[in-house]
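Shown next, in C-alpha cells, is the structure this report addresses.
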Amino acid sequence: MFHIQALQSTNLPTPPSHQRRHLILAVSRPPPTSLSAPNKNPSIQSLCKKGQIKEAIHLLTHEQNPTQHTYELLIQSCADQNTISDAFSVHRSLINNGFNQDPFLATKLINMYSDLNSIHHARKVFDEITHRTIYVWNAIFRALSISGHGQDVFTLYRQMNEIGMPNDRFTYTYVLKACVVSESELSSLCYGKQIHAHILRHGYETHVHIMTTLVDMYAKFSCVDSSSLVFSSMPVKNLVSWSAMIACFSKNGRPLEALRLFHDMMLENENMLPNSVTMVSVLQACAAVSALEQGKLIHGYILRKGLDSILPVMSALITMYARCGELELGKNVFYQIDKGDVVSWNSLISCYGVHGLGSEALAVFQEMVRAGVLPSPISFVSVLGACSHLGLVEEGKSLFNSMVKEYKIRPAEEHYACMVDLLGRANRLDEAARFIADMRDEPGPKVWGALLGACRIHCNVELAERACKWLFELEPRNAGNYVLLADIYAEAKMWDEVKRVKMLLEARGLQKVPGCSWIEVNRKIYSLRSVDELNPQMEQIHALLVELSREMVEKSGYVPEAKVVLYDLEYEEKQRLVLGHSEKLAVAFGLINCRRGETIRISKNLRLCEDCHSFTKFVSKFVGREIIVRDVNRIHRFRDGECSCRDYW
DNA sequence: ACAAATGCCT
C-alpha cells in the first residue's frame, strides 16, 4: 500500500512537486474495490449524518481503509456544512488514498466546491481528472453556470463535442443556463439559439425539462415571442413549464398575457394546481396592471391553499397591494408574517417608497436593523431612493458610507446611480458629475442614465449631452435615452437639436416604447394605447376628453401644457397629441365605465407626463372622484384637485 | 449508484 503523508498546504489539495511522483504511482493504482461493507465505518457515517464533520474527519485520519462510500458521505457533509477548510482536508485524504482519479468522487467534489462557491477548486478537479465521464462534464457545466462563467462553458462544450463525447439531456439544461448568466449578452443569445438547434437535431423537442429551460432562456433575453413559440410547441407541459411562461410575460411588460395564460392553465388542466412560484408571478402581473380585485382573489386562493406561510408569496403580496395603491393592505400582510426575512422587509420599505413616504421608509429600514436583519444591497437601493425623494443628501451619503464600511457591501452600479440621482435631484449636478469622475468602478449606463434624468429635471443641456455621449455608446439601442435628450432640447426650445436626435433615433431603427395604460373594471382588465383602434369605445373616449378639456379650461382654469410633445408643431396639433396619451384615455374610459363613487385605478408603463398629471388633478376635482395612477415609479392619488405626490415625482 | 427546469425585494 502506498502511504503519502498528509499535505500541509491549507488551501490547495495539490501536493508539492517533490511528492508528485508518488501521486502518479497512486494514480496508476486501481481504486480500491469496496469489498468492505459500508458499515465497516459506521461512526464516520453517523457523524456525517449528524453534521459533525470535524469529528468525522478526525476519525478519518485513523481509518485504515476508507472506501469510496466513506468519501461520498464526507463530501456531501462538507457541502452541507459549508466549511471549505474541512472540504480541503477530505479532498487531501481522498488523494492520499488513491481516489483522485475516481470519476464518481470527482463529480461529487466538483458539486461540493460549486456549493461552497469555489469555482476555482471545482475547475481544478475537472482539469486534473483524465477519465471524464458524462457526469464529470455535466458537473463542471453546472458549476461554471452557477458561478456565472458562461464563456468557459461554451469553450468546454465545444471541446466536448470535438472529442466526440456525446451530450445527454442534462448537458443541454446546463449549457442553456450558461447562456443566461454569460458575461457578454449578445453573443450568448446566439449561443442559445445554436444550442436550441442542437437540441432539436438530437430529438429532444418533446423533453419537458429541456424545453422549459429554453422557454426561460429566451425569457431572460426578453425574446418573449421565442419563449412563446417554444412553449406552444411543447406536447407535454407541466406546472413548471406553465409557470416559466407566465413569469416570462410578467417580467417582460406583458402582464395581461401573463394573467390570460394563468387562466388558460386553470381551465385546461383541472388537476394542475398552481404552487407558490406560480402565484408569485401572477401577483407580479396583478401589480403591473394595478388589478386590485384580481389580486384580492389570488390572495384568497393563497389563504385557502395555505401558501401564506411562504415568504416569497407574502413579499409579492405586499408589493402587489402597494403598487395597487393600497398601502394599508400591504402593511397588514407584512404584520401577519411571523418572522420576516430581508426580502419581506425590503418589500415594506419599497411599499412606503412607491407612496412617496420617504421618512417612513427610512424608519422601517432602522427598525429592520434593530430587529437584527442584515440589510441587503437592495435594502440600500430602496433606502437611498427614499433619501433622494426627500432631498436628504447628507443622510444618503452617510448611508452609502455605512453600506461600504459597516456592512461590507461593495457598491453595485445601482448604488452609484442612486447617489447620482440623490445629488442630481437636489440640483447639485456638478457634485454628481464629480462623484462619477471619482468612482472606483467604470460608470455604466445606469449611472449616466441617472445623471441624464437629473439633467431633465433641471434642464441642463450641457451635462445632458455629456451623459448621452456615453449612453449612446453604452446602450445604443435604448430609445429612452434619445427621448430624454430630445425632451431636454425641447424644453430649451432647441428645435434643430430635437430634430437631429429624432433623426438619429430613426436612423438606428429605434422606436420609443409605446405608452400603455391599464385599468380594471368589474374584475376585467383593459389596456389602452394612443394608437388603439381596437377599443370600441374609442370615439366616446375622445369625445369625452375634448369636452372635459374644454370645460376645464373655461370653468376651472386648466392650462394644457403642450411642451411635453417633442415636435415643433402648431399648438393645436400638440394639444391633440397630448390628449391622446394613454393615461388620459384610461381616465376617460374609467369615467365612462366605473360605477359612480368607485375609485378609478390606473397603471401605466412609463413615467406620468406633466400634462397628464395636471389634467388628472383637474378631473378629480371637476367630476369629484378619486383617481389613483401608478406610473413606473410611484403612486399618484388624485383627490379634489390635489395629488398625493405634491407635484414632486 | 452520481446530476436538471419556474418565483419574492432594486
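A note on names: the letters A, B, ... follow the listed sequences, proteins ahead of strands, and every chain is numbered from 1.
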>> Students often get this wrong, so: under 4.0 angstrom with heavy atoms, is A:His415 touching a base, only sugar-phosphate, or nothing?
In response: nothing
>> Distance check needed: B:dG7 P versus A:Ile318 CD1, whole Å only.
In response: 20 Å
> Going by distance alone, is a donor N or O of one side chain under 3.5 Å from an acceptor N or O of the other, for A:Ser241 and A:Asn238?
Replying inline: yes
> Is the distance from OP1 or OP2 of B:dC9 to the nearest side-chain N or O of A:Gln284 less than 4.0 Å?
Replying inline: yes
> With sugar-phosphate meaning primed atoms plus P, OP1 and OP2, does A:Phe380 contact a base, only sugar-phosphate, or nothing at under 4.0 Å between heavy atoms?
Replying inline: nothing
>> Does atom NZ (A:Lys331) have a neighbourhood of more than 12 heavy atoms from anything else shown, all under 6.0 Å?
In response: yes
>> By the 4.0 Å heavy-atom rule, please label A:Thr107 as base, sugar-phosphate, or nothing.
In response: base
>> Check whether A:Phe126 forms a cation-pi arrangement with A:Arg132 (NZ or CZ under 6.0 Å from the six-membered ring centre, at most 45° off the ring normal).
In response: yes
>> Distance check needed: B:dT10 P versus A:Phe400 CZ, whole Å only.
In response: 20 Å
>> Measure OH/A:Tyr71 against C1'/B:dA1 and give the value in whole Å, please.
In response: 19 Å
>> Applying a 4.0 Å non-hydrogen cut-off, can you work out what A:Asp341 is touching in the nucleic acid: base, sugar-phosphate, or nothing?
In response: nothing
> If you take atom types as modelled and just measure distance, does the side chain of A:Asn238 reach the base of B:dA5 with a donor-acceptor pair under 3.5 Å?
Replying inline: yes
> How long is the line joining CG of A:Leu144 and P of B:dA3, in whole Å?
Replying inline: 18 Å
> A:Arg410 CZ to B:dT10 P: how many Å, rounded?
Replying inline: 23 Å
> Between B:dG7, B:dA3, B:dA5, which nucleotide gets closest to the side-chain atoms of A:Asp168?
Replying inline: B:dA3
> Across the strands shown, which category fits A:Ser276 at heavy-atom distances under 4.0 angstrom: base, sugar-phosphate, nothing?
Replying inline: base
> Do A:Glu475 and A:Asn481 meet the criterion of a side-chain donor-acceptor pair at a distance under 3.5 Å?
Replying inline: yes
> Counting only side-chain N and O atoms of A:Ser350, is one of them less than 4.0 Å from OP1 or OP2 of B:dT10?
Replying inline: yes
>> Counting the atoms with a prime plus P, OP1 and OP2 as sugar-phosphate, which does A:Ala139 contact under 4.0 Å by heavy atoms, base, sugar-phosphate, or nothing?
In response: nothing
> So what does A:Lys237 touch, heavy atoms closer than 4.0 Å: a base, only the sugar-phosphate, or nothing?
Replying inline: nothing
>> Whole angstroms only, please: what is the CH2-P distance between A:Trp242 and B:dA5?
In response: 21 Å
> Has A:Phe170 got its ring stacked on the base of B:dA4, with centres under 5.5 Å and planes less than 30° apart?
Replying inline: no
> Are any of A:Lys251's side-chain N or O atoms less than 4.0 Å away from OP1 or OP2 of B:dC8?
Replying inline: yes
>> As a test of reading the structure: which of B:dC2, B:dC8, B:dT10 is closest to the side chain of A:Ser315, going by heavy atoms?
In response: B:dC8
>> On the side chain of A:Ser243, is there an atom forming a donor-acceptor pair with the base of B:dG7 - under 3.5 Å, no angle test?
In response: no
>> Using the six-membered base ring of B:dA4, report whether A:His209 stacks on it, requiring centroids under 5.5 Å and planes under 30° apart.
In response: yes
> Looking across every strand, which nucleic acid part, if any, lies under 4.0 Å from A:Asn138 by heavy atom: base, sugar-phosphate, or nothing?
Replying inline: base
>> Could you measure the distance from the OH atom of A:Tyr218 to the CG atom of A:Asn252? Nearest 0.5 Å is fine.
In response: 14.5 Å
> Looking at A:Phe231, does the NZ or CZ of A:Lys237 lie under 6.0 angstrom from its six-membered ring centre and within 45 degrees of the ring axis?
Replying inline: yes
